[in-house]
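First the structure, in the form of structure tokens, and then the observations on it.
From a predicted model like this one, the values you see are computed outputs, not experimental measurements. Chain letters run A, B, ... following the sequence lines, proteins first, then strands; residues in each count from 1.
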Protein chains: 2
Amino acid sequence: MALEHAILVSLLEQPGSGYELARRFDRSIGRFWTATHQQIYRVLRRMETDGWIAVEAVVQDGRPDKKVYSAADPGRTALADWLREPVEPETVRHELAVKIRAAAFEDPALLIPEVERHRESHATLLARYLTGEQRDFPDPAALGARQQLQHVVLRGGIEYERMTLAWLDDVLATLHRLAD
Amino acid sequence: MALEHAILVSLLEQPGSGYELARRFDRSIGRFWTATHQQIYRVLRRMETDGWIAVEAVVQDGRPDKKVYSAADPGRTALADWLREPVEPETVRHELAVKIRAAAFEDPALLIPEVERHRESHATLLARYLTGEQRDFPDPAALGARQQLQHVVLRGGIEYERMTLAWLDDVLATLHRLAD
DNA sequence: ATTGCCTATGCAACTCGTTGCATAGCAGGA
DNA sequence: TCCTGCTATGCAACGAGTTGCATAGGCAAT
């Protein structure tokens, strides 16, 4: 299970509340690990009981109070242990690929708008990544270790989106060929 | 939920038992949709109750009897309906990426053997895909619709593995730089 | 004024997915 | 001969993840 560890990393990078974590998961971390606020709140409570994280109640005015979490020593130890354990290579779950094979038993042209939608959403994401790269890593030569590691993960996201866009073009060409 | 649909596609391509489906999911379909035999048996029973698939008991000698499933009309209809519904763009769950960001809080060099293991496993998979492509699609110009769609999905897998390999090299270079 | 959105946390119920185990006959090798 | 491994199906229990809903104050726009 990596949700605990993803949360720990996020809290080490920057302490925050469950709500803030949920938003980070919607943005940066969610590129490679998704989680809803429900999951996050539940896991935070478990991690707190286990002593992995410390909590501090923060009174705000104009908005609801929040609980700011930060990584505690046992959490860091757990993270270090996990880093030493091998993890399985990731598995992909690609619903669109199922659909493409399914299209052989229906009209393949039916899929064209769907693939185009996907293409657009990947193009948008790629554009966001590239903007973020410009903003956060303008001078790659002058980065600390943490930034270099964040950057290489972002480059992975960028290359994934580029590859996916090219593949979706390939898919569209195939579907058009079959529709003629 | 796409497991039902993935199973339907697989049964349309070729009827088979739960066991055979599980093996197909380990090989070809598992590239983009994984499932254990437990999940498959459970879903098959549900699909049978719903009338999506038909079952025929086959007595074998020298090995246990099996139940051979095939797609029924209501299943085909359900698949056609699903094809017309939009699906969400896939989400990636990349544990290694979490580890890479976590490495900033430990010794980054620790990750090198792990990344190399992943690199090797992706290289092996790519080799298998390429061999399979040679075997199943030797003459891309002479393929029917079904084969063309299967082929474009396989090309997606191939490009994914190529991209991942290049990225893992990038990660290794970054880790080595940080270790100096 | 009302509507809708944002911050912030949480419960309850559900489905999906994993893990460990069980059965059972047959084949092949040490 | 025993052990391992393959075919074939399944139960039981658990853990992960999703969905719908609830509360509650503040802010901005219509």
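Remark: P of C:dC16 and CD of A:E95 are 12 Å apart, rounded to the nearest angstrom. When rounded to the nearest whole Å, the span between CE of A:M47 and C1' of D:dG15 equals 16 Å. Between the P atom of D:dG17 and the CZ atom of A:R46 lies a distance of 10 Å, rounded to the nearest Å. Residue B:R42 contributes atom CZ, which lies 7 Å from atom C1' of C:dG17 at whole-angstrom precision. Summarising the geometry, the separation between CG on A:L44 and P on C:dG10 is reported as 9 Å, rounded to the nearest angstrom. Computed from coordinates, the A:R45 CZ to D:dG15 P distance equals 16 Å when rounded to whole Å.
Salt-bridge formation is not detected for the pair A:E120/A:R117: no Lys NZ or Arg NE/NH1/NH2 atom is positioned less than 4.0 Å from an Asp or Glu carboxylate oxygen. Looking at A:K99 and A:E114, a side-chain N of the basic residue comes within less than 4.0 Å of a carboxylate O on the acidic one, giving a salt bridge.
By the side chain to side chain contact (heavy atoms under 4.5 Å, CB included) test, B:T36 is found to be paired with B:Q38, B:Q39, residues two or more places apart in sequence or in another chain being considered. Looking at residues two or more places apart in sequence or on another chain, you find no salt bridge (Lys or Arg N to Asp or Glu O under 4.0 Å) involving B:R76. Taking the salt bridge (Lys or Arg N to Asp or Glu O under 4.0 Å) definition, one finds that B:E13 meets it with A:R101, sequence neighbours left out. Annotation: side chain to side chain contact (heavy atoms under 4.5 Å, CB included) contacts of B:P138 (sequence neighbours excluded): none.
Here B:Y160 sits in one hydrophobic cluster together with A:V92, A:Y160, A:M163, B:V92, B:M163; the rule is ILVMFWY side chains under 4.5 Å apart, joined directly or through other members. Clustering of Ile, Leu, Val, Met, Phe, Trp and Tyr by side-chain heavy atoms under 4.5 Å joins B:Y41 with B:Y19.
Residues A:W33 and A:H5 place their aromatic rings such that the two centres sit no closer than 6.0 Å.
For the pair A:L3 and B:Y69, both in contact range of DNA chain D, the more 5′-proximal nearest nucleotide belongs to B:Y69.
The ring pair (Phe, Tyr, Trp, His ring centres under 6.0 Å) analysis of residues 57-76 of chain A, with sequence neighbours excluded, yields no pairs. Sorted pairs that involve residues 100-127 of chain A and meet ring pair (Phe, Tyr, Trp, His ring centres under 6.0 Å), not counting sequence neighbours, are lacking altogether.
The aromatic rings of A:H94 and A:W167 stand perpendicular to each other, their planes meeting at an angle above 60°, with 30° marking the opposite boundary.
Distances shorter than 4.0 Å separate some side-chain N or O of B:Y41 from OP1 or OP2 on D:dT9. At C:dG17, one or more side-chain N or O atoms of A:R93 fall inside 4.0 Å of OP1 or OP2 (strictly under the cut-off). Regarding contacts with the backbone of C:dA24, every side-chain N or O of B:K66 stays at 4.0 angstrom or more from both OP1 and OP2.
The main-chain N or O of B:L172 is found under 3.5 Å from a side-chain atom of B:H176 such that the two form a donor-acceptor pair.
Shown for residues 32-40 of chain A: residues whose heavy atoms fall under 4.0 angstrom of DNA chain C, namely A:H37, A:Q38. Of all the residues in residues 16-28 of chain B, B:S17, B:G18, B:Y19, B:R23 reach under 4.0 Å from DNA chain D with at least one non-hydrogen atom.
Rounded to 10 degrees, the angle between the two end axes of the helix from C:dA1-D:dT30 to C:dA30-D:dT1 is 30°, with five pairs used at each end.
Of the inter-residue distances, the one linking A:T34 atom OG1 with B:R93 atom CZ reads 4.0 Å to the nearest 0.5 angstrom.
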Below 3.5 Å is the cut-off: list the nitrogen or oxygen pairs between protein and nucleotides 26-29 of chain C, distance only.
none

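Set against D:dA8, C:dG10, C:dT18, the side chain of B:P64 has D:dA8 as its closest nucleotide.
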